[in-house]
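Here the structure comes first, spelled out in structure tokens, and everything after it is commentary.
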Amino acid sequence: MESKKSFNVAQMIGLILGPLLFVLILVFMKTDSLSSEAVFVFGATTWIAIWWITEPIPIPATSLLPLVLFPLGGVMSAGDTASNYGADIIFLFLGGFMLAIAMERWNLHTRVALTIINLIGTTTSKIVFGFMLATGLMSMFVSNTAAVMIMIPIGLALILEAQSLTDEKDHKHLVKFEKVLVLSIGYAGTIGGLGTLIGTPPLIILSGQMSEIFGFEISFARWMLVGVPTVIILLILAWGYLNYFVFKSDMKNLPGGKETIERELKKLGKMSYEEIAVLIVFLLAALLWIVRGFVSDIELFSLVQDGTIAMFITVLLFTIPAKETNGKLLDWSAAKDVPWGVLLLFGAGLAIAKAITTSELDKWLSEQLVIINGLPVIFIVAIVALFILLLTEITSNTATATMIIPLLAALSVTLDVHPMILMASAAMAANCAFMLPVGTPPNAIVFGTGKISIGEMVRAGVWLNLIAWAVIVVIAYLLLPLVFGFDVSPFPINLK
């Protein structure tokens with residue numbers, strides 16, 4: 001029996017390169033403007049990122065490194081580091097996974113998937129675009145995380161049904177369809193958030209900072225004149241890019257055809273009591289996630305978060321009786337199907353983002369933008385947007401926007417450029433992380449499906465990042481001044 005090697009070549013290189021670069025950064029990265037804690041965080045992040053990409057040890061195991069490194073480096077206490085692994089958004093993921101497990105347990109996912117295919121048609125490109133459109137629209141009014149969490153179980157259900165109807169010879173084509181479908185849902189959730197001011201936290205921060213610092217009001221409706229065209233353009237480009245370039249497949253239609261789909265639907269018969277119960281819980285979750293965005297300013301509901309709703313829904317699933325088994329819709333055996341490794345992965349991402357902020361590494365990185373003084377405005381916008389796109393891959397979009405946008409307000413005065421063009425391009429770029437699971441919650445959810453690897457996400461995401469970068473630059477330079485009625489330069493308003 002041939003023994004399996006502990007590490008392949010790429011894993012061995014990553015195993016050595018990660019800690020080696022960490023040590024080299026600690027020894028040689030010396031600057032008066034950067035604290036020792038910030039240098040430590042930069043080195044630790046480099047180490048963790050390399051191990052995530054090369055996978056010399058399992059990704060969830062690498063995700064435990066912040067719990068070891070940050071207390072040792074004096075960056076954050078063990079308790080502060082560990083608290084990121086129990087953040088509200090982690091419990092939102094957990095609730096979403098439990099809901100998906102309940103749908104699968106009672107076969108609701110099959111009924112939903114067959115119904116969607118029957119309505120949209122069996123053309124794979126149409127199905128992908130339908131999912132992207134639904135997710136993008138929803139993400140304009142609820143958090144992108146909640147929107148993706150609602151759509152991913154439905155997408156997985158469709159995939160499971162397609163697998164049962166696929167011949168062996170078509171399996172490799174179906175695998176490509178699986179990848180493009182889950183990625184398209186995640187990316188559409190991220191893109192859709194750009195459509196409205198409540199779609200993503202960076203845009204809320206932009207609106208608040210423009211009003212506070214410059215007295216410049218951004219109305220909900222006027223932003224949609226910028227945001228909605230941006231969403232439409234990016235959704236179409238992302239759909240074409242994923243379907244026809246990254247995961248191009250010869251399978252134009254889902255297997256079985258419309259007749260087979262209709263026949264399978266008839267086989268299911270009437271909905272069972274358990275199916276109806278899970279569907280009601282699912283719709284309740286979607287409704288509560290949507291409504292929360294409109295009542296969060298009311299004091300009674302101000303402390304309720306998306307994770308609160310997810311845990312309420314989870315408790316319901318463990319409480320509602322099931323007729324068939326004399327049990328409940330879910331029992332604790334379902335916990336074994338939860339992708340706990342993904343929860344650790346995203347917890348590590350939150351811990352890294354917190355460490356970057358705590359050590360003021362983010363402030364030092366943003367200060368490096370001063371070198372762009374004197375360049376043409378469109379080049380300045382391009383550099384700012386690209387910088388934020390790269391930074392937001394390893395920090396949360398909220399943390400990035402909170403730190404960068406006020407600094408860009410001051411920078412715009414120095415550069416004699418209208419602040420809206422720099423601050424808005426940064427806010428949009430902060431939302432567009434497509435490369436890493438830790439870059440944005442939708443990416444983590446997609447990775448949690450097990451249908452896509454980190455390497456595949458990086459390869460697909462890097463080009464989509466560049467597409468988004470180009471679109472943001474064009475929108476910020478051409479459409480923003482037109483909609484909001486300002487001159488790009490010279491700087492026409494004064495600080496309050």
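Each residue takes its place number in the sequence, starting with 1. A quick note: this is a predicted structure, and the numbers were derived from the prediction, not measured.
A search for side-chain hydrogen bond (donor to acceptor under 3.5 Å, both in side chains) contacts involving W52 returns S63, not counting sequence neighbours. Not counting sequence neighbours, the partners of P229 by the side-chain contact (heavy atoms from CB on, under 4.5 Å) test are L479. Under the ring-ring contact (aromatic ring centres under 6.0 Å, His included) criterion, F434 pairs with Y187, sequence neighbours left out. For the side-chain hydrogen bond (donor to acceptor under 3.5 Å, both in side chains) test, residues two or more places apart in sequence or in another chain that qualify with E178 are Q163. With sequence neighbours excluded, the residues satisfying side-chain hydrogen bond (donor to acceptor under 3.5 Å, both in side chains) with D80 are S77. Remark: A427 pairs with P202, L203, L206, I405 by the side-chain contact (heavy atoms from CB on, under 4.5 Å) rule, at least two apart or across chains. Qualifying side-chain hydrogen bond (donor to acceptor under 3.5 Å, both in side chains) partners for N465, counting only residues two or more places apart in sequence or in other chains: E393. Evaluation of the side-chain contact (heavy atoms from CB on, under 4.5 Å) rule for A382 yields W469, V473 as partners, not counting sequence neighbours. Under the ring-ring contact (aromatic ring centres under 6.0 Å, His included) criterion, W239 pairs with F129, Y244, sequence neighbours left out.
In this structure, the side chain of S184 engages the main chain of L181 through a donor-acceptor pair within 3.5 Å.
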Identify all side-chain donor-acceptor contacts of residues 16-23 below 3.5 Å with residues at least two apart in sequence or on another chain.
none

Taking distance alone, no hydrogens or angles, what donor-acceptor pairs closer than 3.5 Å link side-chain atoms of residues 307-314 to residues at least two apart or in another chain?
unit_1	atom_1	unit_2	atom_2	d
T308	OG1	Q305	N	3.0
T308	OG1	Q305	O	3.4
T314	OG1	A310	O	2.8

Which pairs would a plain distance check flag for residues 450-463, meaning a side-chain donor or acceptor within less than 3.5 Å of a matching protein atom at least two apart in sequence or in another chain?
unit_1	atom_1	unit_2	atom_2	d
S453	OG	E456	N	3.1
S453	OG	E456	OE1	3.4
E456	OE1	K179	NZ	3.0
E456	OE1	S453	N	3.0
E456	OE2	K179	NZ	3.0

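With values rounded to the nearest 0.5 angstrom, I388 atom CD1 is found 12.0 Å from C432 atom SG. Rounded to the nearest 0.5 angstrom, T81 OG1 and L65 CG are separated by 12.0 Å.
Between W47 and W51, the ring-plane angle classifies as perpendicular under the 30° and 60° cut-offs.
Here the closest non-hydrogen pair linking V231 and I191 is CG2-O, 3.3 Å.
Side-chain contact check for V128 versus L242: every heavy-atom pair is 4.5 Å or farther apart. In this structure, the side chains of Y85 and I90 stay at 4.5 Å or more apart for every pair of heavy atoms. K328 is not listed as a side-chain neighbour of F318, based on a closest heavy-atom distance of 4.5 Å or more.
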